[in-house]
Each structure stands twice: as C-alpha cells, then as structure tokens.
Amino acid sequence: VQLQAYGGGLVQAGASLRLSCAASIRTFSSHSMAWFRQAPGKDREFVAGVGRSRGEPLYVDSVKGRFTISRDNAKNTVYLQMNSLKPEESADYYCAATPITSVIWQIPTRRADYRYWGQGTLVTVSS
C-alpha cells in the first residue's frame, strides 16, 4: 500500500490550497481516510477524516467551516480543501488510511489507529 500526498506549497495568510492523496489500495472505498498535520516540535494532530462515502466527515474544531475533506473512490484519492489558511497552520500534512472494520464506523482521530501513512506535503502559510 502506498499513499502519495501532494499539493502543498507556500501561500499567504487567507489563501487556499487543495491537498490530494492518491492511494494504491485495492479496496480503497473500504478504508477510512484522514489528514493529519505536524508542525516542527509538535505532535502530529488529526485534522480531518472521512469514512464511507455517505458518512459524515469529522474535523478538528479549529478547521471547521474552512477545511473540507472529500474522497473520490473512482480515483482512489482523498482531498483536503483548505480555505482561509492561517500562519499557525504551517506544517507537514500527512494522509493516512485504515480499513473500516465495522458496520457502524467511528472515524478514528488517533495516530495509532491508522495503519497506512503517506509522506508529508509541506504547507507554509506566511503572515
């Protein structure tokens, strides 16, 4: 399994970016997908997650209303649309995947709950 994240870059505060993560997972639609971020010297934190296509996504409070996670099962890709970016959101952004193992699925938010990880894509927001 490989997860390839891309789309990071340098933007000014208030700008938008869209991150993409292409997954080489045969049963992509049966995996819960998420984005985490890690700033220098800080722990990796959950940003957003999505379970099955029809399920409600989950966001950390600080990004609600500005970030949108979505998935395209036909393309084995998950996206993170980030609007109104803030300098404190500069970080390496990682995509993660883990199999959905129950009918009633709660999107995991802990790093340890994800089996597969991509490399980070760096987002730098200047003030």
Side-chain angles (χ1 to χ4, degrees):
V1 172
Q2 287 189 330
L3 303 177
Q4 182 73 37
Y6 54 96
L10 171 64
V11 297
Q12 290 188 328
S16 298
L17 272 178
R18 188 175 83 153
L19 305 182
S20 301
C21 175
S24 64
I25 302 176
R26 185 172 57 86
T27 55
F28 177 77
S29 62
S30 297
H31 282 69
S32 195
M33 304 297 297
W35 288 95
F36 286 71
R37 63 188 176 192
Q38 187 167 18
K42 295 188 176 181
D43 291 336
R44 192 170 299 187
E45 67 166 346
F46 174 85
V47 176
V50 61
R52 295 182 177 88
S53 292
R54 296 182 178 180
E56 194 71 22
L58 183 66
Y59 300 95
V60 67
D61 285 348
S62 62
V63 308
K64 286 180 179 177
R66 297 186 298 117
F67 288 17
T68 302
I69 187 171
S70 61
R71 65 188 299 159
D72 185 338
N73 290 338
K75 296 182 178 180
N76 279 23
T77 301
V78 63
Y79 304 97
L80 184 68
Q81 176 66 43
M82 305 184 294
N83 298 329
S84 302
L85 281 161
K86 304 175 182 180
E88 56 265 35
E89 294 177 317
S90 297
D92 281 307
Y93 282 70
Y94 296 87
C95 65
T98 202
I100 294 173
T101 57
S102 64
V103 174
I104 300 175
W105 178 254
Q106 287 190 321
I107 298 169
T109 60
R110 298 185 309 162
R111 180 177 179 176
D113 290 331
Y114 286 85
R115 185 179 298 182
Y116 308 113
W117 289 87
Q119 88 296 349
T121 185
L122 180 62
V123 173
T124 304
V125 186
S126 63
S127 57

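Residue indices begin at 1 and follow the sequence shown.
- Proximity of a side-chain donor or acceptor of T121 to a complementary backbone N or O of A5 within less than 3.5 Å is not detected.
- Figure legend: R71 and F28 shown as a cation-pi pair, the cationic atom lying under 6.0 angstrom from the six-membered ring centre and within 45 degrees of its axis.
- Y79 is not connected to V60 by any chain of hydrophobic side-chain contacts under 4.5 Å among Ile, Leu, Val, Met, Phe, Trp and Tyr, and they are in different clusters.
- Among all heavy-atom pairs drawn from P108 and S32, the shortest one is CD-OG, 3.9 Å.
- Between M33 and the choices T77, I107, V50, the side-chain contact (heavy atoms from CB on, under 4.5 Å) rule is met once, by V50.
- The heavy-atom pair separating G8 from L19 by the smallest distance is N-CD2, 3.6 Å.
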Using the side chain to side chain contact (heavy atoms under 4.5 Å, CB included) rule, take R111 and D43 through it: C-alpha gap first, then chi angles, then the decisive distance, then the call. CA-CA 10 Å; R111 180 177 179 176; D43 291 336; over 6 Å; no

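- Under the 4.5 Å side-chain heavy-atom criterion for ILVMFWY residues, a single connected hydrophobic cluster contains both L3 and V123.
- Put simply, the side chain of V63 reaches to within 4.5 Å of the side chain of V47, judged on heavy atoms.
- Going from atom CZ of R52 over to atom CH2 of W105 covers 8.5 Å, rounded to the nearest 0.5 Å.
- By the 4.5 Å heavy-atom criterion applied to side chains, N83 and T68 are not counted as neighbours.
- Using a 4.5 Å cut-off between side-chain heavy atoms of Ile, Leu, Val, Met, Phe, Trp and Tyr, with links allowed through other members, Y114 and Y59 fall into different hydrophobic clusters.
- Note: the hydrophobic cluster containing F36 also contains I100 (ILVMFWY, side chain heavy atoms under 4.5 Å, direct or indirect links).
- The side-chain heavy atoms of E89 and F67, taken from C-beta on, include a pair separated by under 4.5 Å.
- Aromatic ring pairs are classed by plane angle as parallel below 30°, tilted from 30° to 60° and perpendicular above 60°; the pair Y116 and H31 is tilted.
- Smallest separation of non-hydrogen atoms from Y93 and R37: OH-NH1, 3.1 Å.
- Side-chain contact check for R44 versus W117: some heavy-atom pair is nearer than 4.5 Å.
- Among all heavy-atom pairs drawn from A39 and A91, the shortest one is N-CB, 3.7 Å.
- S127 places no side-chain N or O within donor-acceptor distance of the main-chain N or O of P87, the cut-off being under 3.5 Å.
- Annotation for E45: atom CD counts as buried by contact number, over 12 foreign heavy atoms lying within 6.0 Å.
- Residues V125 and L17 fall within the same hydrophobic cluster, defined by Ile, Leu, Val, Met, Phe, Trp and Tyr side chains chained together at heavy-atom separations under 4.5 Å.
- Contact check for V78 versus W35: side-chain heavy atoms found under the 4.5 Å cut-off.
- Under the 4.5 Å side-chain criterion, counting only non-hydrogen atoms from C-beta, R115 is in contact with P99.
- Q4 places no side-chain N or O within 3.5 Å of a backbone atom of G118 that could act as its donor or acceptor partner.
- In Q119, the CD atom is crowded: over 12 heavy atoms of neighbouring residues, nucleotides or ligands sit closer than 6.0 Å.
- The shortest non-hydrogen separation linking P57 to I69 is CB-CG2, 3.6 Å.
- The SG atom of C21 sits 10.0 Å away from the CG atom of N76 when rounded to the nearest 0.5 Å.
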